[in-house]
Number of protein chains: 2
Amino acid sequence: MISLRDVAKRANVAVSTASAALNGTRPVAAETKQRIESAAAELGYRPNVLARGLVSKRTRILALHYPAPASGFGLTEMQFATGAAAAASELGYHLLLSPDNADPLEELRYLTGTGLLDGVLLMEVRLDDARVELLTAQNVPFALIGRTRRPEHLWFADIDFARLGADVAGHLTGLGHRAMAFINHTGAAYAGEYGPVVRIGQEIAAAAKEAGMSYADGFDADTAEQGRAALHDLLDAHPETTAVTVFSDQAAVGVLAAVEDRGWRVPDDLTVVMVLTSAQVAAMFRPQLTTLEPPSLELGRRGAQMLIEQLSDETAGPPPGGELVPCRLVIGDSSTTPRDDKGVRA
Amino acid sequence: MISLRDVAKRANVAVSTASAALNGTRPVAAETKQRIESAAAELGYRPNVLARGLVSKRTRILALHYPAPASGFGLTEMQFATGAAAAASELGYHLLLSPDNADPLEELRYLTGTGLLDGVLLMEVRLDDARVELLTAQNVPFALIGRTRRPEHLWFADIDFARLGADVAGHLTGLGHRAMAFINHTGAAYAGEYGPVVRIGQEIAAAAKEAGMSYADGFDADTAEQGRAALHDLLDAHPETTAVTVFSDQAAVGVLAAVEDRGWRVPDDLTVVMVLTSAQVAAMFRPQLTTLEPPSLELGRRGAQMLIEQLSDETAGPPPGGELVPCRLVIGDSSTTPRDDKGVRA
DNA sequence: AATGGCTGTCGAAACGTTTCGCACACGCTA
DNA sequence: TAGCGTGTGCGAAACGTTTCGACAGCCATT
């Protein structure tokens, strides 16, 4: 391994001078600097991150922490990682994957204690998330992808759920629908602590009301079987429904099956819209489903950028609050005008 | 930060003794050891990874290197990362995400020069991959997910393509099919350098021949539109075909559309089988498609495990060759017996 | 009673950086 | 000519570990 000593020797300067020249940390005569840079280039010198980090207390390494979800990751979740890694890389940082096995907090406590990390990016954030308190207490810089119940003093990037609700309602009323329903995730795996499930339920309800639509919910589903049953129950209870919005892509499979059970067709007899499902996945259904595609890559990117910004900002000013990113409406073949504008089927 | 000095002081021993006791690196009297461990626990001591790595040359950090795919990651690719991270974590290692922006090699060269890494895990391996030579030359331990053209002397984990071909042929002949076709990825994005595309084409052809089936290929497709056209062309050229195997899930969308164009139905008029698509995705099609699900998580796991094994093995014996992992056949509603066992449709 | 081999502990060096006080040689001003 | 800032460069200390040679006891062997 080529060390700074080797470079210094070749350039006939002291190690400290070589360091200063290479980092621009204090002025070095132009000619000397040139000589040092040449020597470094010729030798193929790469600074040792460990030694540097040991003294400077900065490693330019971030951890991405994700509590392993019971059901394995979907495409959406993993895109966070891709986006965050790309943004970090562009800014000269690296991203360390930190899955937690048993105890979410222990892993985090360990990692932050080792001096390896400059900051932490939290995924799968719950409405009340113990990790936030831990990191705050330990004074470790962090940012969230998603947000807690009260994120006012935190750095976070999350989906703009209010806008999402408005977009769904707008799309449907634009087509002439007056009665919609929403099949949410049950959120069972998170005991009602999962932000997207809670927020999306609230915001879609609010937007439907705002738009003057009749609205039904409470028929939640995570699997195809549940989705099928949910749609039947839903239509039995609210026969006026002309448009259904679905969160879970598995449930959507069941919804389409239930439509078929009834001898109906999508979109003629029922408009179906997915929410927080990527266009790539929505395109695999037949008919291709309209979806509000989550800005997963962008959220990952913004999370990493915010964290790095926070690290660069020496002054550590007052927390700026977070950033909300809109979803993209991708219209498929599953939404159209309702067959009967009286809202009742024969 | 609590350092080893603090622990040593509290336990009334020398720093070196504390180090030895905590690492078990050389015998320490039981009572002394006990005292040191208590002190460490009481103080909440966490060893500094940087300092340790600086002297021991071992950081227990692995990099996962992936050339950014133009189209963003699919579920399959990301599962590699998840699996690798999980396996690494279980073995006490961490995984650093290393996307490459511009120059794939420069990033790698930089990373390995910094002393931060114990080894590298390579994803998206091409048949001739420059990264392999670079790492070999630099004497950096590495393992592949996938494999090069001649992987005899390398550590790798890859799909068992021969078995995959046999499984497809076996499934179809078992149902009574005698004439199959295969719609591959075009592999255009990789200029024919992408292992799975090449190997799967060879192995399915070989297995079909072995099973005594008639076989057609050369109608490749990456998108829905291409898939649709491909199936039409294919059936025009080989009307005896009763079963089609498809690699690209996007192309499968088009294949189903083409079947509908003809007024046919799956599986009654045509059996459709996907290959290297997750069951989760295959279940979104209607009818649910039969698929050979890639063992993505397992490949990630095995890759990480092999790399770590290689690192632990002081002796660095002769390279052991790689490991081939089979796919899982998940039967959907898209495969059945051919309608006409003479292999000709009316 | 002297020798030799253990066992257990210590102190110092080393890993490759950054940081910081200090020294030296200028050229300028008083 | 003395004094003083300024531009450059040097050397040593420090970061928190691991590693390794040295050595003090102690018991067993001669």
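The structure displayed is predicted, hence computed values, not measured ones. Order of the sequence lines sets the chain letters (A, B, ...), proteins ahead of strands, with each chain counted from 1.
- As rounded to whole Å, 14 Å separates atom C1' of C:dG16 from atom CG of B:L116.
- For B:N48, no side-chain nitrogen or oxygen approaches OP1 or OP2 of D:dC15 to under 4.0 Å.
- At the heavy-atom level, A:V13 lies under 4.0 Å from the strands shown only through sugar-phosphate atoms.
- Comparing C:dT9, D:dG11, D:dT17 against the side chain of A:A14 picks out D:dG11 as the nearest.
- When distances are taken from the side chain of B:T25 to each of D:dT19, C:dT19, C:dT9, the shortest belongs to D:dT19.
- The pair A:R131-A:E107 does not meet the salt-bridge criterion, since no charged nitrogen lies less than 4.0 angstrom from a carboxylate oxygen.
- Side-chain nitrogen and oxygen atoms of A:T32 include at least one within less than 4.0 Å of the OP1 or OP2 phosphate oxygen of D:dG9.
- Which of D:dT18, D:dC10, C:dT18 sits closest to the side chain of A:R52 comes down to C:dT18.
- Atom pair B:K57:NZ and D:dT18:C1' shows a separation of 11 Å (rounding to whole Å applied).
- Closest to the B:L54 side chain, of the nucleotides C:dT9, C:dG16, D:dT8, is C:dG16.
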Q: Check the pair A:V125 / A:F156 against side chain to side chain contact (heavy atoms under 4.5 Å, CB included), numbers first and verdict last.
A: CA-CA 10 Å; A:V125 178; A:F156 68 86; over 6 Å; no
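- Using modelled atom types, no side-chain atom of A:R46 and backbone atom of B:Y110 make a donor-acceptor pair closer than 3.5 Å.
- To the nearest 0.5 Å, atoms CG (A:L96) and CG (A:D118) are separated by 11.5 Å.
- Look at NZ on A:K9: it is 14 Å from P on D:dC10, rounded to the nearest Å.
- In this structure, B:L43 places its CG atom 14 Å from P of D:dG16, rounding to the nearest Å.
- Salt bridge absent: A:E133 and A:R126 never bring a charged side-chain N and a carboxylate O closer than 4.0 Å.
- Residue whose closest nucleotide on DNA chain D sits further toward the 5' end, between B:S16 and B:L50: B:L50.
- Distances shown here put a side-chain N or O of B:S19 below 4.0 Å from the OP1 or OP2 atom of D:dT18.
- Within 4.0 Å of B:P47, counting heavy atoms only, lie sugar-phosphate atoms of the nucleic acid but no base atom.
- Taking atom CZ on B:R5 and atom C1' on D:dT17, their separation rounds to 13 Å, with Å as the unit.
- Taking atom CD of B:E31 as the reference point, atom P of C:dT7 lies 18 Å away to the nearest angstrom.
- Residue side chain A:R26 reaches the base of D:dG9 through a donor-acceptor N/O pair under 3.5 Å, judged by distance alone.
- With C:dT17, D:dT8, D:dT17 as the choices, the nucleotide that has an atom nearest any side-chain atom of B:A51 turns out to be D:dT17.
- Note on B:S3: only backbone sugar-phosphate atoms sit closer than 4.0 angstrom, heavy atoms only; bases stay farther off.
- More than 12 heavy atoms of other residues, nucleotides or ligands shown are found within 6.0 angstrom of CZ on B:R149.
- Following rounding to the nearest Å, B:L4 (CG) and C:dC15 (C1') show an atom-to-atom distance of 16 Å.
- Atom pair A:Q34:CD and D:dT8:C1' shows a separation of 17 Å (rounding to whole Å applied).
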